[in-house]
Protein chains: 2
Amino acid sequence: MYKLHLGQLSAAEFMAEYWQKKPVLLKGGFANFVDPLTPDELAGLAIEEEIESRIVAQTSPGQWQLETGPFQDYSPFGEQGWTLLVQAVDHWHPEAAQLIEPFRFIPNWRIDDLMVSYSTPGGGVGPHLDQYDVFIIQGQGKRHWRVGMPDASLQPICPHPRLLQVTPFVDCIDVITEPGDILYIPPGCPHDGISVDASLSYSVGFRAPAQKDLLTGLADYLIEQDQSGSRYTDPQRLPLTDIGRISDSDLDQVQQLLLGLVNNRALLASYFGSYISHAKHELDATEPEPHYAVDEIIEYLEEGSVLARLGGLRICYHQAGSADDIQLFINGLTITLPAAALQFVQLLSEQVQLDETACQWIAADQNRAGLLTELINLGYWYFVE
Amino acid sequence: MYKLHLGQLSAAEFMAEYWQKKPVLLKGGFANFVDPLTPDELAGLAIEEEIESRIVAQTSPGQWQLETGPFQDYSPFGEQGWTLLVQAVDHWHPEAAQLIEPFRFIPNWRIDDLMVSYSTPGGGVGPHLDQYDVFIIQGQGKRHWRVGMPDASLQPICPHPRLLQVTPFVDCIDVITEPGDILYIPPGCPHDGISVDASLSYSVGFRAPAQKDLLTGLADYLIEQDQSGSRYTDPQRLPLTDIGRISDSDLDQVQQLLLGLVNNRALLASYFGSYISHAKHELDATEPEPHYAVDEIIEYLEEGSVLARLGGLRICYHQAGSADDIQLFINGLTITLPAAALQFVQLLSEQVQLDETACQWIAADQNRAGLLTELINLGYWYFVE
Ligand SMILES: O=C(O)CCC(=O)C(=O)O
Ligand SMILES: O=C(O)CCC(=O)C(=O)O
Ligand SMILES: [Co+2]
Ligand SMILES: [Co+2]
C-alpha cells in the first residue's frame, strides 16, 4: 500500500551510508501520504486497558508531566504542549500496520513495533535519545525536528522519573517535516520534535537486544525448557588450607560451563528464535470458536480465500544448513519442519497476506494445510476474503 | 572440636581416590562421637517457621508421604517408619555447626549446609540419588546403609511428587553405621539408609552449581548491577528479501555478545563470588542495637574478647594477582580491599572463631577494626567472650 521513495538512494545505498551510522531526512519518503488513522481513532485505542499509551506534557519551561493510559478525557491537558503516544498500534490497527511493510528489506526479527503519536501545537517529548533505530513518518500536520549525531558529552536529565531527556545538543538536521516526510534516526542520536500544529507521527521502531537481555533470555529459556545442563565438578581437587579463596581454576571451570552453553550453536539458535519472536506487547489474537478442521480449511483455501497475518505477529526462522530441518519461530512458539518446507516457511514469514494463488498452493499439500490450520486456530492468520 | 580420622588415608589420598569418584565408609571417622544435639532439640528447630523441615514416611510398601514443616506434633506419624529432616541446622545451632569444620580442607564456597535427620526404626527417605557430594555422619542409633555406583540404567520413580527415588540398585557398600561412622557419597551414587533403631544422622552437603544456575545467577547479577552491556548492532547489513531468516551472521553476533559477558573475567569473578557466597537458607543474623562504634569495638578487642562467625555465613574471596585488590564476598555482599589486607581476609574466611590474639591483632589497625565493626553491626560476627 505504502511505497517508500528513498530519493536518489537505492536501498543498498541507504543501508551502506545511513543505517546505524547517521540520521537522514527522506523528504517525501511516502509520496501523497494519506494517514492510515485519525486522531480520533488513536484516542479510541488509548481508551483500551491492554494498549500501552502515555501522555507527555510540558507544563512550563523545563517542567514535564508524564501520565500513563488508558485515557478517557484529554481536557486536563488543554489545547497545546502535549503529546499522546500509543505503542504497538500495528497489533490493533491493520491499516496502520501497513506502514511497517515498506521497511521490510530489514529482517523481521529486527523490526519491533509501530508507535503512533498525536501532538498538539508545541507538543513533543523533549530532547532525548533512544537505544534503537527508528523511522519517524510525518503524518498530518507539521513538526519541527532537530536531530544530532551521538555525543558522549550529552548529559542525561530527568525532568520526570520516567522521562530520560538530554542536555541541549548540536543538530545536523533542522527541518519542518510535512506529511509523508520520513526521518531515519540511528541509536544514540539526540532528537527533538516540536509540533507546529496538531500533528500525527508514526515511529517504525527496531529491536536490538543488549547483552543483559540476551543473557536473561537464555536463562529464562533454559528454565522454561527445564534444562539444568552439567554441574560443576572437581574430582582433581587437592586438599587445601587457603579455604576462603575462589581459585583461578575454580573460576576456569565456572567459565567453561558458561561457555559450554553459549557455544552450543543449536541451543543458541533455538533460544534466540524463540526469544526474539516473542512480541513485547499484547497481540490481538482471537482463536476461532470452534476450531477449524483441516478439511474445512482446505475447502476454503480451494474456494479462493485470502488470509491475513495477525498485526504485530513476529515470525522468523533458522536453518543451520540447506539440508537441515528448519525451526520456524512464531511469537515464541517453535515449529520444526523438514528442509523441504523452506518455500512454505518463507511464504509465511515474508507475506502479511496470503492471496488466492498462495492459498491454493497451500491447500494442495496436507502438511502445509495442517500447519496453516493450527496457525488459524491460534488466531495468528485470519480470513479476510 | 570434632577431629576427622580418615583411617589409613591422608586427606590428599582421600581426595585423589574418592572425592567425586566413589563412595566410601570412613569407619569411626569421628572417634568417641558425641551428638551435638538431641532429638528434642531438633524437634525444637522444626517448630520454627523460618527453618526448613520435612517428614518423610513410608506408610506401606511403596507408599510414601512427605509433609513440610513446621511441626508441633509427631503423633500422627506413629512410632516407626518415618524421618524428620531439618535443613541448614548450622545456621541455628552453633554446636551442630562444628560438624562442618573438619571438612574444611575443601573450600568454603563448595560447602553448602548441615542437614540433620532423626529417624524412627525402619525410617528413611528411600533409595535415591543426589546431585551433590555428601558426608553422612552417623549419630546416636544405627542405620543400615546401602550405597551404589552411578548407573545410567536406574530409573527415577516418584512415589510422591516431591520425592525423587530410583529403582533398586546394586550396592558396593552395605553396612550398619554406628555413632561416629561417616559415609562419603559422591553425586549420582544411589543410596538408601534405613534406620535400625531411633537414630540421628548429620549430612554435610556440598554445593555444585549447574550450567543453568550459573547463567541465571549471572543474569540476575547484571540486572542487580543495572548493567545492560552493549547492544546488537548491524551497520554492515545489506537490504535483503529473505526477511524471515535469522542468518548465521545474525547469530554470530548474538553469540559474540554473550561471549563478551562470559569472557569478561573480572565480571565473572565479581559475579561468581557474590552468587556463591549467598546462603540458600535464612541466616540467624541479629544486628546489635544500637550499632557499635569502631572505638568501642577496639576497646573490647584489646580487652581480650573472642568473636564467633555467624553459623552458615558464607565467606570467600578472589584476588586476580597477588598485587591486585581483593574482593571479599560475604553472603552476597562484596567488599573490595587492597592486596595488603590478604592476611586479614584469610583470617576472616578461615577461622570461625577469632581468639584473643587475633582480636588484638585486628584492634591494632584502624582499617581492620573498621571492617570488623561493620561485620559485627551486620550480625555476622558476635562476641562469645
Ligand atoms: O512521536 C514523538 O513525539 C516522539 C517520537 C520519537 O522520539 C521516536 O520515535 O523515537
Ligand atoms: O538422613 C537421611 O535420612 C537422608 C540422608 C541423605 O540421603 C543425604 O544426606 O543425602
Ligand atoms: Co525518540
Ligand atoms: Co541423599
Side-chain angles (χ1 to χ4, degrees), chain A residues 11-12 15 19-21 104-110 131 187 208-212 214-216 218-219 222-223 227-235 237-240 242-246 250-251 254-255 257-262 265 268-269 272-273 276 315-318 345-346 348-350, chain B residues 11-12 15 19-21 104-110 131 187 208-212 214-216 218-219 222-223 227-235 237-240 242-246 250-251 254-255 257-262 265 268-269 272-273 276 315-318 345-346 348-350:
Chain A
M15 293 305 279
W19 178 250
Q20 295 233 303
K21 297 169 204 81
R104 292 212 191 262
F105 50 89
I106 294 159
N108 290 349
W109 75 260
R110 277 286 270 136
Q131 302 299 315
Q211 285 178 302
K212 184 194 70 182
L214 290 172
L215 199 84
T216 305
L218 180 54
L222 293 173
I223 291 168
Q227 286 189 32
S228 280
S230 7
R231 280 192 186 276
Y232 185 94
T233 57
D234 52 2
R237 188 177 287 287
L238 304 175
L240 80 180
D242 190 5
I243 54 172
R245 187 185 291 271
I246 298 173
D250 296 345
L251 272 188
V254 166
Q255 192 166 18
L257 286 167
L258 287 167
L259 286 173
L261 289 173
V262 174
R265 188 77 174 195
L268 195 77
F272 184 67
I276 208 71
I315 169 166
C316 50
Y317 71 93
H318 181 257
V345 164
Q346 289 178 326
L348 292 175
S349 58
E350 292 170 16
Chain B
M15 293 305 278
W19 178 250
Q20 295 233 303
K21 297 169 203 79
R104 291 210 192 262
F105 49 89
I106 293 158
N108 290 350
W109 75 260
R110 278 286 271 136
Q131 302 299 314
Q211 285 177 301
K212 183 193 69 180
L214 290 172
L215 199 82
T216 305
L218 180 54
L222 292 173
I223 291 168
Q227 286 188 32
S228 280
S230 8
R231 281 193 184 274
Y232 185 93
T233 57
D234 51 3
R237 187 177 286 289
L238 303 176
L240 82 180
D242 191 4
I243 55 172
R245 187 184 291 271
I246 298 173
D250 295 346
L251 273 186
V254 166
Q255 192 166 14
L257 286 168
L258 288 167
L259 286 173
L261 289 174
V262 173
R265 189 78 174 195
L268 195 77
F272 184 67
I276 208 71
I315 169 165
C316 50
Y317 71 93
H318 180 257
V345 163
Q346 288 178 327
L348 292 175
S349 58
E350 291 170 16

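Just so we're on the same page: letters track the sequence lines, and every chain starts at 1. Remember, predicted model here, so these are calculated numbers, not experimental data.
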Worksheet entry | Any B:F272 side-chain heavy atom under 4.5 Å of A:Q255 side chain | no

Discussion item. Can you tell me which of A:K21, A:Q131, A:R231 forms the most heavy-atom pairs within a distance under 4.5 Å of chain B?
Written reply: A:R231

Practice prompt. Pick out which of A:I223, A:L257, A:L261, A:T216 makes a side chain to side chain contact (heavy atoms under 4.5 Å, CB included) with B:L215.
Written response: A:L261

Worksheet entry | For the student: nearest non-hydrogen atoms of B:G229 and A:A210, plus distance | O-CB, 4.3 Å

Worksheet item: With respect to chain A, which residue among B:A219, B:P187, B:S230 yields the maximal number of heavy-atom pairs within a distance under 4.5 Å?
Response: B:S230

Worksheet item: Of all heavy-atom pairs between A:K212 and B:L222, which one has the smallest distance, and what is that distance?
Response: CG-CB, 3.9 Å

Worksheet item: Do you know which of A:I106, A:I315, A:D250, A:V345 has the most heavy-atom pairs under 4.5 Å to chain B?
Response: A:D250

Discussion item. Heavy-atom pairs under 4.5 Å with chain B - which of A:V262, A:D234, A:L218, A:T233 has more of them than the others?
Written reply: A:D234

Item to complete: Measure from the side-chain N and O atoms of B:W19 to the backbone N and O of A:L238, and report whether any donor-acceptor pair falls under 3.5 Å.
Response: no

Item to complete: Count the heavy-atom pairs under 4.5 Å between each of A:P209, A:S349, A:G273, A:A12 and chain B, then report the option with the highest count.
Response: A:P209

Fill in: Heavy-atom side-chain proximity of B:V254 to A:I276 below 4.5 angstrom
no

Discussion item. Which heavy atom of A:C316 sits nearest to which heavy atom of B:I246, and what is that distance?
Written reply: SG-CD1, 3.7 Å

Fill in: Nearest atoms (heavy-atom pairs only) where A:P239 meets B:A11
CG-C, 3.8 Å

Worksheet item: Any idea which of B:I243, B:L348, B:L258 has the most non-hydrogen atom pairs under 4.5 angstrom with chain A?
Response: B:I243

Worksheet item: Residues two or more places apart in sequence or in another chain: which of them pass side-chain hydrogen bond (donor to acceptor under 3.5 Å, both in side chains) with A:N108?
Response: A:R104

Discussion item. Holding to side-chain hydrogen bond (donor to acceptor under 3.5 Å, both in side chains), I want the full list of residues that pass it with B:Q346, two or more places apart in sequence or in another chain.
Written reply: A:D242, B:Y317

Item to complete: Compare every heavy atom of A:M15 with every heavy atom of B:R237, then report the nearest pair and how far apart it is.
Response: O-CB, 3.4 Å

